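Have a look at the structure below before the remarks.
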Amino acid sequence: MTCLLCEKNILPEVTWRTALYPEAKVICDACNELLVAIDGPRCTRCSRSSTKGNCLDCIHWEKTPSKDSLARNYSVYPYNNFMQEIITKWKYQGDYELGNVFKKTFRIHFKRMIKTTSKAYVAVPIPLSEERQEERGFNQAAMLAEFLPIPKANYLERIGSEKQAKKSKEERMKSANPFRLKKSLNKPVILVDDIYTTGMTLRHAARVLLEQGCPNVISFTLIRS
């Protein structure tokens, strides 16, 4: 096997555990050490590193006139230079297999989050526009959702095709809701996406779900930017 990140050979580890429970490694130890998950105190609402319980952004959301549509977000990794390189290659250069680097850790953190969450949740990935889907060849959020051991539902549809990454924070906060629901869902939902930045995209999706009868929406994201 070669590492999906650096493409160096991975030397197999031979132990009683690997003999009884063989598992193919997709990333070398050196690269794995650079993939450091969020550690220490975090905002209980959005997973930003914070020692104050709720960060300033989430305090702002609590003060908005309408009720916050997203109950909370849990993210696995912080956004750093190494992660940026991986995301560029995976998401923007179409290296689908690279997403498997996150599979094991994504599942581990999901189990941690789900301990305090109802097991009746359904995973709903944030969709791409048809144009973006065709351009990339796959939806990274849908790939992440497939890693989770709960039912999936691709019920959301994106209307617009603008790139959120090129918008300023103010522009994102004022953007129109780009989603519509193809079918109503009356079960609690875990929205799945790759990056939480302002949280506006996830809140737009959550708003559509709540308006159509979904009782509760939280999100599980790979990265907290």
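Nothing here was measured: the structure is a model prediction, and the numbers come from that model.
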Leu144 to Asp193 - nearest heavy-atom pair and separation: CD1-O, 3.8 Å

Salt bridge (Lys or Arg N to Asp or Glu O under 4.0 Å) contacts in which one or both residues fall within residues 194-206, not counting sequence neighbours: Asp68-Arg203, Lys91-Asp194

Heavy-atom closest pair, residues Val26 and Ile10: C-CD1, 3.9 Å

Would you tabulate the side-chain donor-acceptor contacts of residues 35-43 under 3.5 Å, counting partners in other chains and residues two or more places apart, or write 'none'?
residue	atom	partner	partner atom	Å
Arg42	NH1	Ser47	OG	2.7
Arg42	NH1	Ser75	O	2.9

Phe82 atom CZ, neighbour heavy-atom count above 12 within 6.0 Å: yes

Distance, nearest 0.5 Å, that separates CE of Met113 from NZ of Lys115: 12.5 Å

Cys28 vs Cys6 side-chain heavy atoms within contact, under 4.5 Å: yes

Side chain to side chain, Leu148 and Phe220, heavy atoms closer than 4.5 Å: yes

Val122/Ile150 under side chain to side chain contact (heavy atoms under 4.5 Å, CB included): CA gap, chis, key distance, verdict: CA-CA 6 Å; Val122 175; Ile150 59 173; over 6 Å; no

Donor-acceptor pair, side chain of Arg158 and main chain of Pro127, under 3.5 angstrom: yes

Least distance between heavy atoms, Asn139 atom then Ile126 atom: ND2-O, 3.1 Å

Leu70, Leu222, Thr201, Leu191 screened by side-chain contact (heavy atoms from CB on, under 4.5 Å) with Tyr196, the one that passes: Leu70

Check: Ile218 and Tyr121 side chains under 4.5 Å, non-hydrogen atoms: yes

Approximate separation, where rounding is to 0.5 Å, of Cys31 SG and Leu5 CG: 4.5 Å

CD1-OG1 distance between Ile195 and Thr198, expressed to the nearest 0.5 angstrom: 11.5 Å

Gap between atom CG of Asn54 and atom NE2 of His60 - 0.5 Å precision: 13.5 Å

Non-hydrogen atoms of Asp57 and Arg48 that approach each other most closely: OD2-NH2, 2.7 Å

Within-4.5 Å side-chain heavy-atom neighbours: Phe106 and Val192: yes

Glu130 atom CD, over 12 foreign heavy atoms within 6.0 Å: no

Hphob cluster co-occupancy, Met143 + Tyr77, side-chain heavy atoms under 4.5 angstrom: yes

Qualifying salt bridge (Lys or Arg N to Asp or Glu O under 4.0 Å) pairs with a residue from residues 180-191, counting only residues at least two apart or across chains: Glu157-Arg180

Hphob cluster co-occupancy, Tyr92 + Ile86, side-chain heavy atoms under 4.5 angstrom: yes

Hydrophobic cluster membership, Ile190 vs Phe179, 4.5 Å side-chain cutoff: no

Closest approach of Leu181 to Leu156 (non-hydrogen atoms, all atoms of both residues): CD1-CD2, 3.8 Å

Joint cluster assignment, Val76 & Val124, ILVMFWY side-chain distance < 4.5 Å: no

Met200 side chain reached by His204 side chain, heavy atoms, under 4.5 Å: yes

Student check: side-chain heavy atoms of Leu128 and Gln140 closer than 4.5 Å: yes

Any side-chain heavy-atom pair of Trp90 and Val101 under 4.5 Å: no

Spatial distance of atom NZ (Lys104) from atom CG (Asn32) [nearest 0.5 Å]: 8.0 Å

Ile159 reachable from Val208 in the ILVMFWY side-chain graph, under 4.5 Å edges: no

Shortest non-hydrogen contact from Tyr74 toward His109: OH-ND1, 2.9 Å

Thr64 side-chain N/O to Trp61 backbone N/O, donor-acceptor pair under 3.5 Å: yes

Side-chain heavy atoms of Arg224 within contact of Cys46, under 4.5 Å: yes

Under 3.5 Å donor-acceptor, Arg45 side chain and Cys55 backbone: no

Between Asn73 and Thr221: side-chain donor-acceptor atoms closer than 3.5 Å: yes

Rounded distance [0.5 Å steps], OG in Ser50 versus CG in Leu56: 7.5 Å

